[in-house]
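Since we're looking at a predicted model, the values are computed, not measured. Below, chains carry the letters A, B, ... as their sequence lines are ordered, and counting in each starts from 1.
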There are 2 protein chains.
Amino acid sequence: MTSVDMSGWSCPAPLRDYPRIVLGHGGGGVLSAELVEHLFLPAFAPRSNAGAALADAAVLEVAGARLAFTTDSYVVRPLFFPGGSIGELAVHGTVNDLACRGAWPVALSSGFILEEGLELAVLDRVARAMGAAAAACGVRLVTGDTKVVEHGRADGLYVNTSGIGVVPPGVDVRPERARPGDRILLSGPIGEHGVAVLSVREGLEFGGDLRSDTAPLHGLVAAMLAASADGVHALRDPTRGGVATALCELAAGAGIGVEFTESAVAVPPAVDAACGFLGLDPLQVANEGRLVAFVADADTDAVLAAMRAHPAGADTAVIGTVTADHPGLVVARTAFGATRIVDRPLGDNLPRIC
Amino acid sequence: MTSVDMSGWSCPAPLRDYPRIVLGHGGGGVLSAELVEHLFLPAFAPRSNAGAALADAAVLEVAGARLAFTTDSYVVRPLFFPGGSIGELAVHGTVNDLACRGAWPVALSSGFILEEGLELAVLDRVARAMGAAAAACGVRLVTGDTKVVEHGRADGLYVNTSGIGVVPPGVDVRPERARPGDRILLSGPIGEHGVAVLSVREGLEFGGDLRSDTAPLHGLVAAMLAASADGVHALRDPTRGGVATALCELAAGAGIGVEFTESAVAVPPAVDAACGFLGLDPLQVANEGRLVAFVADADTDAVLAAMRAHPAGADTAVIGTVTADHPGLVVARTAFGATRIVDRPLGDNLPRIC
């Protein structure tokens, strides 16, 4: 790609095993985290601490307002799948990253990279899905950009959405606020997005009517904050890398221990069957309409009731607690009463899932 | 790419000649504008007016502040070129879109799409260029995302940067404020970015020491606004499609006529030679560190002096005026005293230039 002399460059130690990008660097697991910590953070913010990379969105004081700001590129394959398309995903994913900082989404951008030869009908369908999803979320797509690359230099289309949200006064939702004693709530059954995408991609039939769970979560979060603005400590939407990655990142980033009961995590039978067939752990499969909440023990009943009263959280369950024991570790209690340590995937079990 | 049934879809009339994406849809010219007007705007904002798409950035009232918000994806090929790289471009381009609304840039996001197999040394060099450019601009890279696609599904790397800026009180810079009598100022010589990129891409030597003009413009804009906050009516950075496209879009969008003197537009000899060789019009070649300003006649001397006193505007020239004659048209006065109508390119003379 370039004749630039890179001979003087040496890979930071944790990246040394992979001197070239592998799919796993985009998987949201250990390799993704290493890239952020050892390459992007030193390049972008040499003097900041690494914790800044932990949250789903940045929160900034701008002209007297507290704004949340986030970005995500979407490269899901195929573009259309049961329950949605890259269009809904691009709106919901960015809205949800804002919601996970307690912010109310206000405006989105869209940046398309199109492959020469893409049918306009496909682009139109994706754009309409984005427009409809944004309207349903009450958020505006206010600015955009389109680039085109030669045939064979993309895969139909990729789209980036960035988003701005407003953090209401009194709200302070961030990973570092999770603390021992917090209860851990999961807003519904897991794995549907990842398995739905995989089913069309690989031409597999897993039975049942499996659809992506893609959905916006800002309404649910607003209901939770209305129940207890102070008691909702930390939120995470378990997308790439699934619930396992969300819990592990929280545990490592906040220096807390996490314990949860495996049987409390609802896995739909079709997801369970597909994961068994494919050798996947449902805990590591991507969701796009679920959240994990770390809530003060005293506020759990109120927040749980608010979540169950909201359509996006009707099946919320309390799955575990935060402990001062084993900081940084996530431990699952199995159906047999034993415990096992849960880890993030190294890389990418399901590439291009979002 | 997909088995989805599109048989019911019919192309909007102005798009019908190109039912598939061609490189020209990303060129910033007529085809790009048609895509925005007839596909994206109806999908994203069915009831808004098309003028919203005209500006380089959106300006929103958010929690009492006036924010500018913009996005751009960068797909330049090659990644490194004389005078810069995709990293500087990704920072300067987005900073400049904010500046062209009179906003002071505050925060940027970065969304990478990486091709499997990319050398980490290349990514590191790009990231460091972004970090250094952002630091030099006084703007923070606060949030990011990384996706990886299979080898052959991208071209090394693409990056999206979105940006937030604050519009100072009393500042209202937008295309619609350009009006008859305004003077048109151009901040320096044109075409260097496009020709510098092309020279390395095609292995051509155009002589001289031609380098991309990539540079941030927010400091220059702040100096202009300090000279006359109200007199700076409209700004445009002439990137894809060059000065011709910037002028034509302004003329069409604001319903004004533009007249300028060709000889007042400085074209460096190396750019002129390269364009002659390649059959390009320098007016249609991309710049990344220049701006076109529409300034109230009475304020022109003050704004011109402020621009020339700033390093990014030392070579500013008054190139023309806004007229009530021929609204929507751009007319150039040639060296021989004749006039010619200047138009946007249809598509892309120089694909993947930014």
A.B. asks: Pick whichever of B:Ser162, B:Gly64, B:Ala63 has the most heavy-atom pairs under 4.5 Å with chain A.
C.D. replies: B:Ser162

A.B. asks: Return the option, out of A:Leu35, A:Val106, A:Thr161, A:Val126, with the maximum number of heavy-atom pairs under 4.5 Å with chain B.
C.D. replies: A:Leu35

A.B. asks: Could you go through B:Leu41 and B:Val36, starting from their C-alpha distance and side-chain angles, then the distance that decides it, and tell me whether this counts as side-chain contact (heavy atoms from CB on, under 4.5 Å)?
C.D. replies: CA-CA 6 Å; B:Leu41 281 181; B:Val36 170; 4.2 Å; yes

A.B. asks: State whether B:Phe81 and B:Arg201 meet the cation-pi test: NZ (Lys) or CZ (Arg) under 6.0 Å from the six-membered ring centroid, and within 45° of the perpendicular axis.
C.D. replies: no

A.B. asks: Tell me which of these, A:Gly152, A:Ala154, A:Cys354, has more heavy-atom pairs under 4.5 Å with chain B than the rest.
C.D. replies: A:Ala154

A.B. asks: Chain B: which of A:Thr70, A:Asp72, A:Val166, A:Leu15 shares the most heavy-atom pairs with it under 4.5 Å?
C.D. replies: A:Asp72

A.B. asks: Where does the angle between the aromatic ring planes of A:Phe112 and B:Phe44 fall among parallel (under 30°), tilted (30 to 60°) and perpendicular (over 60°)?
C.D. replies: parallel

A.B. asks: Under a 4.5 Å cutoff for heavy-atom pairs, which residue among B:Val149, B:Ile113, B:Leu120 has the most contacts with chain A?
C.D. replies: B:Leu120

A.B. asks: Could you tell me which of A:Gly28, A:Ser32, A:Ser110, A:Gly27 has the largest number of non-hydrogen atom pairs under 4.5 Å with chain B?
C.D. replies: A:Ser110

A.B. asks: If you tally heavy-atom pairs under 4.5 Å against chain B, which of A:Pro351, A:Pro12, A:Ala134, A:Ala107 wins?
C.D. replies: A:Ala107

A.B. asks: Between atom OG1 of A:Thr94 and atom CG of A:Asn160, what is the distance when rounded to the nearest 0.5 Å?
C.D. replies: 7.0 Å

A.B. asks: Please determine if A:Arg174 and A:Asp56 form a salt bridge, counting it only when a charged side-chain N lies under 4.0 Å from a carboxylate O.
C.D. replies: no

A.B. asks: What verdict does the side-chain contact (heavy atoms from CB on, under 4.5 Å) test give for B:Glu288 and B:Leu89, after you've listed the backbone C-alpha separation in whole Å, the side-chain angles of each residue and the deciding distance to 0.1 Å?
C.D. replies: CA-CA 7 Å; B:Glu288 290 291 344; B:Leu89 226 51; 3.6 Å; yes

A.B. asks: Go through the atoms of B:Val22 and report whether side chain, backbone, both or neither lie under 4.5 Å from a heavy atom of chain A.
C.D. replies: backbone

A.B. asks: Check whether B:Arg352 gets within reach of chain A through its side chain, its backbone, both or neither, counting any heavy atom under 4.5 Å.
C.D. replies: side chain

A.B. asks: I need the residue from B:Ala133, B:Ala132, B:Ala127, B:Ala129 with the largest number of non-hydrogen atom pairs under 4.5 Å to chain A.
C.D. replies: B:Ala127

A.B. asks: Could you check which of B:Thr146, B:Val75, B:Asp124 has the highest count of heavy-atom pairs closer than 4.5 Å to chain A?
C.D. replies: B:Asp124

A.B. asks: Taking every heavy-atom pair that is under 4.5 Å apart, which of A:Glu116, A:His151, A:Arg153, A:Met130 has the most such pairs with chain B?
C.D. replies: A:Arg153

A.B. asks: Provide the closest heavy-atom pair for B:Thr143 versus A:Phe69 in the form atom of the first, atom of the second, distance.
C.D. replies: CG2-O, 3.5 Å

A.B. asks: Got a second to check how far A:Cys137's SG is from A:Trp104's CH2, nearest 0.5 Å?
C.D. replies: 9.0 Å

A.B. asks: Picking from B:Val200, B:Val62, B:Ile164, B:Leu60, which has the most non-hydrogen pairs under 4.5 angstrom with chain A?
C.D. replies: B:Ile164

A.B. asks: Below 4.5 Å from any heavy atom of chain A, which atoms of B:Leu23 appear? Answer side chain, backbone, both or neither.
C.D. replies: both

A.B. asks: Quick one: does any side-chain atom of B:Asp145 pair with a main-chain N or O of A:Ser73 as donor and acceptor, under 3.5 Å?
C.D. replies: yes

A.B. asks: Under 4.5 Å heavy-atom distance to chain B, tell me which part of A:Leu123 shows up: side chain, backbone, both or neither.
C.D. replies: both

A.B. asks: Could you grab the distance from atom CG of B:Leu108 to atom CG of B:Leu141, nearest 0.5 Å is fine?
C.D. replies: 5.0 Å

A.B. asks: For each of B:His25, B:Lys147, B:Glu150, B:Arg140, tally heavy-atom pairs with chain A at distances under 4.5 Å, and name the one with the top tally.
C.D. replies: B:Lys147

A.B. asks: Has the side chain of B:Glu37 got a donor or acceptor atom that lies under 3.5 Å from a matching backbone atom of B:Glu34?
C.D. replies: no

A.B. asks: Counting only non-hydrogen atoms closer than 4.5 Å, does B:Arg66 touch chain A with its backbone (N, CA, C, O), its side chain (CB onward), both, or neither?
C.D. replies: neither

